[in-house]
Q: 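Here it is: the structure, laid out below.
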Amino acid sequence: MAPSKRDRPIKIKLIGLLLVPLISLIVLWVVTAGVTLADSLRMRTYKTLWSTLRQPADALIVEIQRERLETARYLGAPTAANRASMNAQRLRTDAARNRVHKLATSEESRSATTEEMRADVDTMLAGLKRIDEIRGEVDEGFADRLRAIETFGLVNDSIYQMHNSLAIINDIPIYQQSRVMISLGYAKELLSREQAIIAVTATSRMTEEEHKLFTQLVGHRRFLIDQALPELEESLRRMHVNLISTPQYQRLRIQEEQIVAGDRLGPQERRAWQTTSDEITNAFQRLQNEAGSVLAARAEPIADAIVWRAALTGNLGLVAVLASVLISLWVGSRLSRELAHLRQAALELANVRLPRVIERLKKGEDVDVKTAAPPIQTVGRTTEIQDVARAFSTVQSTAVEAAIGQARLQRGVAQVFLNLARRNQTLLHRQRTQLHSMQRNTTDPEMLEELFRLDHLTTRMRRHAENLIILSGAPAGRAWRKPIPMYDVVRGAAAEVEDYQRVNVLPMAEHALDGSAVADVIHLIAELIENATVFSPPHTQVTVRGELVGTGFVVEIEDRGLGMSPEQMAELNERLANPPEFDLADTDRMGLFVVARLAARRDIKVTLRPSPYGGTTAIVLIPSSLIDLPKDSDLARLAAEEVTPEDIIYAPIRQGERKPEDQPGEEGS
């Protein structure tokens, strides 16, 4: 069976099967390398974020804290000196704010941040406008001192919110330390707010709301410090522990507890508070700057290490992927070669070995199973393929043994056909001999007519017996040594048909048929004429004509029956051109098989085609090698004789040929 368009070679299917895990491995490698490389790139952005956002924003926080403190002092004691100090600080705050705005909106900063980060940066920039609002209220004298402190705190809160968004990038340790440092920076912011509350109450008592806010700030700051210190790495934690262990910080805690307890600070105590808180604030700021510089310095080497690790991991993964691809292709190619070799062996078995054995068996040769069907050899060591090869070898041996057995059976059947046919021929020859004797001794016309019909029936029986001989592959019993005119050959064939009266044999040119082929041609034409008479209405005639053509002599048998379909005619022509093996179950077309066998034996071409009268025309082309011109004396003698169908049947006898009665009898067959 020919492969369909949707069939695919097994090599493609094997490659497709191997590509599934390979693609998964490649995807896994790409994802791993991409994640590692992304971490490295994010580490490299830390320095950019520090220089364009974190560091300028920290400087702005310091200036805002100072402005808040100067504003609180001015609101607590609105003197000219405090006013001048506040205005000077405003200029420094504006300079820091402008620098933050410029760097935060730069292309470098925007490219280093995500959409979420940029949203927090924009929120921070918008919050800086509150500074101008509170300044206006202070200058107009409408500002509430607690609201002023909280407004500056809201501005710094937006900046710290931006810091937190910049630190939430990854779970890399350096980013974790950065988040802790932001918490400590916010603790410094809370201390600055405490300073502002103390400063704003320099000349008056602390209100209940201010006291409550101060208490919250103190508790919140201490909580942030206690929470952040354990999360710091050793070096950074030691720096902050050293700070909170100083006498100044302990004195600050004592003063905070006094204020929380409700004790009012005197002028000297306020100055001591101010000095201590300034020292602690400045120390916190120095630690913030130092820690930020340390983390920024660490970011680039860590990023380089991650890059190298990503490159190493990626290269090793790539090598593993390439090795997997090569190994998979090698395994697939090897398996494909084994299967291809097995396929070639199977095709050779089906298309070469078995047909060759069958052809030898048809010729009657003896075939050795081991020699004709050697075991199929495989090129690989795959167990399943070797099992399939052994199975094919077993099938091959079984098929050859079956073919040998079938050939023996066919030879046995042919021998049976031959023996039966020879025995029937012997009996028929004896019967014809007895009929001839009765015809010579009978003078009654009616009795002679009956004897003639019986003789004609015997002739037909002889032809059917010869069919068995032909099916067995042996030559027919009749033989001629000299050429016989084609007209006599055709009339002799027509005389062997039951309805010979319906057969109209037209005159033909004076050409003769080689004697060795006369018996086969008579038998062939008789079978075709009989088919024409059987498959046409009884009242119609069957016309037989012949003429010499360029490649031989053509005999046309034309009936006026119902004809046949184009498909059926094409099938019959194929059988006539290429006679198949005789099937014992297909006895309905035995005559057609006999015609095909005789035609193949004498290289005669038999073709069926539609007749112009609606029936079928059988064309018999006898090759030129079998056509011969008879001697003039034979033609003259035959033309002078009055020839009847009976004479045609016995024409070889009158020409001195061997009589059918002289052929071997039962003992000879």
Side-chain angles (χ1 to χ4, degrees), residues 463 466 469-470 473-497 503-532 542-559 569 572-579 591-611 616-639 643 648-649 651-652 655-658:
R463 179 165 57 85
E466 288 180 354
I469 298 176
I470 294 171
R478 293 182 292 172
W480 281 260
R481 290 192 296 269
K482 297 180 180 180
I484 303 300
M486 282 301 304
Y487 183 70
D488 290 346
V489 172
V490 174
R491 292 187 66 192
E496 294 189 2
V497 178
V503 180
N504 181 21
V505 181
L506 300 180
M508 303 177 186
E510 296 177 351
H511 293 78
L513 178 66
D514 186 80
S516 61
V518 169
D520 291 339
V521 174
I522 289 177
H523 200 128
L524 184 152
I525 297 177
E527 290 289 343
L528 294 175
I529 294 176
E530 185 170 38
N531 284 340
V542 175
T543 304
V544 182
R545 62 178 62 88
E547 61 179 337
L548 188 67
V549 295
T551 57
F553 194 90
V554 172
V555 178
E556 295 184 4
I557 300 102
E558 182 181 73
D559 64 56
M569 185 171 293
L572 295 180
N573 282 326
E574 174 64 24
R575 285 174 173 266
L576 291 171
N578 301 294
L592 180 66
F593 179 80
V594 170
V595 171
R597 180 68 66 88
L598 291 173
R601 181 187 297 177
R602 296 299 178 178
D603 197 20
I604 298 174
K605 295 182 179 180
V606 180
T607 308
L608 303 180
R609 71 177 184 184
S611 170
T616 303
T617 300
I619 302 175
V620 181
L621 176 59
I622 303 172
S624 301
S625 59
L626 300 179
I627 302 301
D628 192 11
L629 287 176
K631 296 180 180 179
D632 294 339
S633 60
D634 294 334
L635 292 176
R637 177 175 54 81
L638 291 173
V643 181
I648 298 173
I649 296 175
Q655 295 181 23
E657 301 295 334
R658 184 180 59 180

Q: Under the side chain to side chain donor-acceptor pair (under 3.5 Å) rule, what do E574 and N578 come out as? Steps first, then yes or no, please.
A: CA-CA 6 Å; E574 174 64 24; N578 301 294; 2.8 Å; yes
Q: Measuring from atom CG of N531 to atom CG of D559, what distance do you get when rounded to the nearest 0.5 angstrom?
A: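 With rounding to 0.5 Å, CG (N531) is 9.5 Å from CG (D559).
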Q: Are any of the side-chain heavy atoms of L524 and V606 separated by less than 4.5 Å?
A: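 L524 reaches V606 side chain to side chain.
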Q: Quick check for you: to the nearest 0.5 Å, what is the distance between M508 atom CE and L548 atom CG?
A: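 One gets 12.5 Å once the value is rounded to the nearest 0.5 Å.
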Q: So, for I557 and A532, which heavy atoms are closest and what is the spacing to 0.1 Å?
A: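 Shortest heavy-atom separation between I557 and A532 comes out as CG2-CB, 4.0 Å.
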Q: Return the CD1 to CZ distance between I604 and F553, rounded to the nearest 0.5 Å.
A: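 One finds 12.5 Å between CD1 of I604 and CZ of F553.
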Q: Under the criterion side-chain contact (heavy atoms from CB on, under 4.5 Å), I'd like the reasoning laid out for T551 against K605: C-alpha separation, chi angles, the key distance, then a yes or no.
A: CA-CA 11 Å; T551 57; K605 295 182 179 180; over 6 Å; no
Q: Between CG of D514 and CD1 of I627, what distance do you get to the nearest 0.5 Å?
A: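 It comes to 9.0 Å.
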Q: Measuring from atom CD of E496 to atom CD of E527, what distance do you get when rounded to the nearest 0.5 angstrom?
A: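 These two atoms lie 9.0 Å from each other.
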Q: Got a sec, which residues hit side-chain hydrogen bond (donor to acceptor under 3.5 Å, both in side chains) with T543, two or more places apart in sequence or on another chain?
A: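 If we apply the side-chain hydrogen bond (donor to acceptor under 3.5 Å, both in side chains) test to T543, skipping adjacent residues, there are no hits.
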Q: Given the rule in the side-chain contact (heavy atoms from CB on, under 4.5 Å) test, do I622 and M486 qualify, once you have shown the distances and angles that lead to the verdict?
A: CA-CA 11 Å; I622 303 172; M486 282 301 304; 3.6 Å; yes
Q: Could you pull out all residues at least two apart from R609 that satisfy side chain to side chain contact (heavy atoms under 4.5 Å, CB included)?
A: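 R609 satisfies side chain to side chain contact (heavy atoms under 4.5 Å, CB included) with E556, T617, I619 only.
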Q: Please report the closest heavy-atom contact between A526 and V497, naming both atoms and the distance.
A: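 Taking A526 first and V497 second, the nearest heavy atoms are O-CG2, 3.7 Å.
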Q: What is the distance from atom NE2 of H523 to atom CG of L528, rounded to the nearest 0.5 Å?
A: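 Separation between the atoms: 10.0 Å.
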Q: Which pair of non-hydrogen atoms, one from S624 and one from G550, has the smallest distance, and what is that distance?
A: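 S624 and G550 have their closest heavy atoms at OG-O, 4.1 Å.
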Q: Would you say V620 and V554 make side-chain contact, with heavy atoms under 4.5 Å?
A: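 No, too far: nothing below the 4.5 Å cut-off.
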Q: For the residue pair M569 and P610, establish whether any side-chain heavy-atom pair is separated by less than 4.5 Å.
A: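 With C-beta onward as the side chain, the pair touches.
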Q: Output all residues satisfying side chain to side chain contact (heavy atoms under 4.5 Å, CB included) with T607, sequence neighbours left out; order by chain, then residue number.
A: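 Side chain to side chain contact (heavy atoms under 4.5 Å, CB included) check on T607 returns N573.
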Q: If we only count heavy atoms from C-beta on, is the V544 to E558 side-chain gap below 4.5 Å?
A: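 When only atoms from C-beta onward are counted, E558 and V544 do not touch, as no gap falls below 4.5 Å.
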Q: Would you call N504 and V542 a side-chain contact if the rule is heavy atoms closer than 4.5 Å?
A: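 Answer no - side chains too far apart.
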Q: Provide the closest heavy-atom pair for R575 versus A596 in the form atom of the first, atom of the second, distance.
A: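 For R575 versus A596, the nearest heavy atoms are O-CB, 3.7 Å.
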Q: Does the S611 side chain pair with the main chain of T616, one donor and one acceptor, at a distance under 3.5 Å?
A: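 No, S611 side chain to T616 backbone: no donor-acceptor pair under 3.5 Å.
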Q: Looking at every non-hydrogen atom in both residues, tell me the closest pair between L513 and L626 and how far apart they are.
A: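 The pair with the smallest heavy-atom distance is CD1-O, 3.3 Å.
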